[in-house]
Amino acid sequence: MKLFLTLTFIILTISSHAQINDTFQRVKYSKGNYAIEYPSDWKIDTSRLNGIELAIFSPQENDTDRFSENVNLIIQDLIGQNMDLEKYAQISENQIRKNAIDLKDFNAIKMRSGSSEYYKLTFEMEYGIFKLKTQQYYFIKDEKAFVITFSSEKGKLGTIGQMILDSFLFTK
């Protein structure tokens, strides 16, 4: 069985992050069987670089800002691997615990939104010079894993990141 997630699902860019703005315009992105919304001043990349289905990056806050808070989506083919949500979440958790540097406040909980069940993982870790807070949602649909991740510097943009994650839905 091929090795599942590594920490590459957490796309991290050393560039910038956005200011919190309670009154922002939302943009909806739809493709195939899913949709997601994000603030209009964030940038989306759908080039599928490194197997990442999409990445959404916050704007730069100021000239000294070096980390771009981001949301990314990876879709992993699970055909023939007999993988359910619980097994997928457990494998992912084990890999995070094994590979994350200075892992703190790890939490995994099974959730439900409408007709979709998913796992919500939250944790803090170090990545280079950054102390990051990461939140992930894991869905299994049609023998595919959908992993949506929000990464931010600790203490930044939790509300906006949560809004983006919570906007993800299956359209078919």
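What you see below is based on every heavy atom in this structure, not just the backbone, and it leaves out hydrogens, waters and symmetry mates.
Taken from CD in Glu61 to OG1 in Thr64, the straight-line distance is 7.5 Å, to the nearest 0.5 Å. Atoms CG and CD, on Asp84 and Gln90 in that order, are 11.0 Å from each other to the nearest 0.5 Å. Here the OH-OG1 distance, from Tyr127 to Thr134, works out to 11.0 Å after rounding to the nearest 0.5 Å. Between atom CD1 of residue Ile52 and atom CG of residue Asn72 there is a gap of 5.0 Å, rounded to the nearest 0.5 Å. The CD1 atom of Ile129 sits 11.0 Å away from atom NZ of Lys131, with the distance rounded to the nearest 0.5 Å.
Contact check for Leu103 versus Ile96: side-chain heavy atoms found under the 4.5 Å cut-off. For the pair Leu121/Asn107, no side-chain contact is recorded, criterion being any heavy-atom separation below 4.5 Å from C-beta on. Put simply, the side chain of Ile148 reaches to within 4.5 Å of the side chain of Leu165, judged on heavy atoms. Phe150 places none of its side-chain heavy atoms less than 4.5 Å from the side chain of Ile164. Side chains of Phe130 and Arg66 form a contact here, defined as non-hydrogen atoms less than 4.5 Å apart. Under the 4.5 Å side-chain criterion, counting only non-hydrogen atoms from C-beta, Trp42 is not in contact with Asn70.
Cluster membership check: Met163 shares its hydrophobic cluster with Leu73, using side-chain heavy-atom separations under 4.5 Å among Ile, Leu, Val, Met, Phe, Trp and Tyr. By the criterion of side-chain heavy atoms lying less than 4.5 angstrom apart, applied directly or through intervening Ile, Leu, Val, Met, Phe, Trp or Tyr residues, Ile140 is grouped together with Ile91 in one hydrophobic cluster.
Look at Asp102 and Lys104 and you find a salt bridge, because one of the NZ, NE, NH1 or NH2 atoms lies within 4.0 Å of a carboxylate O, short of that distance. Note on Glu124 versus Lys154: salt bridge recorded, some NZ/NE/NH1/NH2 to OD/OE distance being below 4.0 Å. A salt bridge links Lys110 to Glu117: at least one charged side-chain nitrogen sits closer than 4.0 Å to a carboxylate oxygen.
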>> Met125 vs Ile101, test: side chain to side chain contact (heavy atoms under 4.5 Å, CB included). Steps then yes/no.
In response: CA-CA 6 Å; Met125 65 179 210; Ile101 297 170; 5.8 Å; no
>> Working note: Phe139 + Phe168, criterion ring-ring contact (aromatic ring centres under 6.0 Å, His included); need CA distance, chi angles, decisive distance, verdict.
In response: CA-CA 10 Å; Phe139 298 88; Phe168 180 84; 5.2 Å; yes
> Does the pair Gln135 and Gln162 meet the rule for a side chain to side chain contact (heavy atoms under 4.5 Å, CB included), with working shown?
Replying inline: CA-CA 8 Å; Gln135 187 166 257; Gln162 188 70 53; 2.8 Å; yes
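For Asp63, the CG atom is loosely surrounded, since the number of other residues' heavy atoms within 6.0 Å does not exceed 12. Summarising the local packing, CZ of Arg97 is surrounded by more than 12 heavy atoms from other residues, nucleotides or ligands at distances under 6.0 Å.
Put simply, the side chain of Asp142 never gets that close to the backbone of Lys144: no donor and acceptor are under 3.5 Å apart. Without hydrogens or angle criteria, Gln81 side chain to Met83 main chain gives no donor-acceptor distance under 3.5 Å. Under a 3.5 Å cut-off, the side chain of Asp45 and the backbone N or O of Ser47 do form a donor-acceptor pair.
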Table please: side-chain donor-acceptor pairs of residues 26-39 below 3.5 Å, with sequence neighbours left out.
unit_1, atom_1, unit_2, atom_2, d
Arg26, NH1, Glu37, OE1, 3.3
Lys31, NZ, Glu53, OE2, 3.0

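Separation of the Tyr88 and Tyr138 ring centroids falls under the 6.0 Å cut-off. When ring centroids are compared, Tyr137 and Phe146 stay outside the 6.0 Å threshold.
Evaluation of the salt bridge (charged side-chain N to carboxylate O under 4.0 Å, His left out) test over residues 158-172, restricted to residues two or more places apart or in two chains, returns none.
With 3.5 Å as the limit, one finds a donor-acceptor pair spanning the side chains of Gln136 and Thr149.
Judged by the 6.0 Å and 45° rule, Lys141 forms a cation-pi pair with Phe170.
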